[in-house]
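One structure below.
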Amino acid sequence: MSQRTLRLAARPLYLGLVVLAAAGCSAVGWDWDTKMSTVLPKSEFGHMIQDLFMLISWITLAIFILVEGALLYCCWRFRDRPGAPLPKQVHGHTMLEISWTIAFALILLIIGIPTIRVIFKTQEAPAATALRVDVGGRQWWWEFTYPALKITTANEVHLPVGETVAFHLNAPDVIHSFWVPHLGGKRDVVPHRVNRLVLTPDTPGEYLGQCAEYCGVSHANMRLRAIVHTKPDWERWVANQQAPPVEPADPLAQKGKEIFTQSACVGCHTIQGLSGGVLGPNLTHFGSRTTFAGGTMPSTRENLVKWVEDPGHMKPGALMPNLGMKGEQSQALAAYLLSLK
Ligand code: CUA
């Protein structure tokens, strides 16, 4: 191979290294990426996976060093030198073959036993005292229902720290996958069946998640947040969600409420005491959420106006139709929705 061919062949390699460097190091990269780390576990489930990952990493590192060391040593020791005789030729070595077969079987056992233990641990049935949260994976947003607390919300799931939560996962449309990397898991959300994910968050904070199974045009816009609270904060959140929606004080928001009740909004959305649609997210406490549109947009007046005027532009493929809202109408609707704290 000529020098030029070598240089040309190396180009894709350099490019690959640059891409890896840019995409791989989550600790120093993009904010979204940092917050989706799988190696900073914040639940007992996450810690179990992390411990397993570290065990396997250390074992494979030791194997890598041993094998590559032996290879490099042999390349150097038995390299061709002028006038050197041919090294001793070996064809089969029974002892060596038996030993490495046993050694590898042992390594598989060392990796296999804790792996199987973790698989069973992470599939255990939840205790009756676990907080049940029904997760609906929808095109393209998440619905969270707390049956015992009679709370329904969307895209932002609130949890108390130190308490076991049992997610019951189901999808009314196509297959999705529920994944909050910090909390561990990633479990498919499948139509006509209920998958479970049981975990106990151990650190308060906000953890980002993402649908991890291709589910159509806005799959990438199907994000979520898990907000883990201290006990007092959790109780405050529950009390607020259980309260009926507040009456808007501001005249623009009052106008928005009128528009909401008189338009097609009521057919798809529930606002407690006002409407009972179930095709779109429950909006009873919409203003208490930090994001909307599959967790992709911060809940600001400006974003909401753009959303009600043209949902498909903000989230391609959005099932919410364009209702032809304009000007003051969309301003009023946005004001009303944000008033629903
Ligand atoms: Cu839902 Cu991808």
Side-chain angles (χ1 to χ4, degrees), residues 23 26 29-38 43 45-46 49 122-123 132-147 151-159 165-199 201 206-228 268-270 277-283 286 289-299 303 306-307 310-322:
S26 71
W30 190 21
D31 199 31
W32 181 262
D33 224 28
T34 316
K35 289 181 174 171
M36 295 253 284
S37 175
T38 50
S43 76
F45 189 121
I49 305 284
T122 55
Q123 299 285 342
R132 175 171 164 173
V133 180
D134 291 346
V135 179
R138 311 279 202 110
Q139 282 174 316
W140 291 275
W141 56 283
W142 297 95
E143 182 167 71
F144 300 107
T145 307
Y146 303 68
I151 292 172
T152 302
T153 186
N155 303 320
E156 296 178 6
V157 61
H158 292 250
L159 304 168
V165 50
F167 293 108
H168 288 231
L169 313 162
N170 178 252
D173 43 46
V174 298
I175 302 177
H176 305 270
S177 182
F178 181 76
W179 191 35
V180 183
H182 278 292
L183 300 183
K186 185 192 275 182
R187 199 147 288 174
D188 277 5
V189 184
V190 183
H192 308 298
R193 91 167 257 138
V194 176
N195 278 348
R196 271 192 323 231
L197 177 65
V198 182
L199 52 86
E206 188 180 311
Y207 308 115
L208 298 177
Q210 164 76 51
C211 176
E213 176 76 48
Y214 181 70
C215 55
V217 62
S218 258
H219 157 68
N221 296 320
M222 194 172 163
R223 298 177 187 176
L224 69 136
R225 278 166 177 71
I227 298 132
V228 178
C268 295
H269 296 282
T270 292
V278 291
L279 292 176
N282 183 312
L283 303 175
F286 178 88
R289 298 178 208 152
T290 60
T291 56
F292 71 103
T296 56
M297 301 283 159
S299 304
N303 282 341
K306 281 193 216 157
W307 172 258
D310 191 0
H313 183 74
M314 304 281 278
K315 191 169 74 173
L319 298 187
M320 174 163 148
N322 188 337

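As the structure lists them, so they are numbered: ligands from 1, and atoms in each ligand from 1.
- Atom 2 (Cu) of ligand 1 sits nearest to atom ND1 when only the N, O or S atoms of H219 are considered.
- In this structure, SG of C215 and SG of C211 enclose an angle of 120° at atom 2 (Cu) of ligand 1, rounded to 10°.
- Once rounded to the nearest 0.5 Å, the distance linking CG of D134 with CD of E143 reads 9.0 Å.
- Ring planes of H182 and Y207: tilted class, angle from 30 to 60°.
- Although no hydrogens or angles enter the test, the distance criterion places no donor-acceptor pair under 3.5 Å between the side chain of R138 and the main chain of D173.
- Residue E213 approaches atom 2 (Cu) of ligand 1 most closely through its N/O/S atom O.
- Looking at T270, its side chain does come within 3.5 Å of a backbone N or O of G277 through a donor-acceptor pair.
- Of all heavy-atom pairs between R223 and W142, the closest is O-CD1, 3.2 Å.
- H176 contributes atom ND1 as its closest N/O/S atom to atom 1 (Cu) of ligand 1.
- The distance from atom 1 (Cu) of ligand 1 to the nearest N/O/S atom of M222 is under 2.8 Å.
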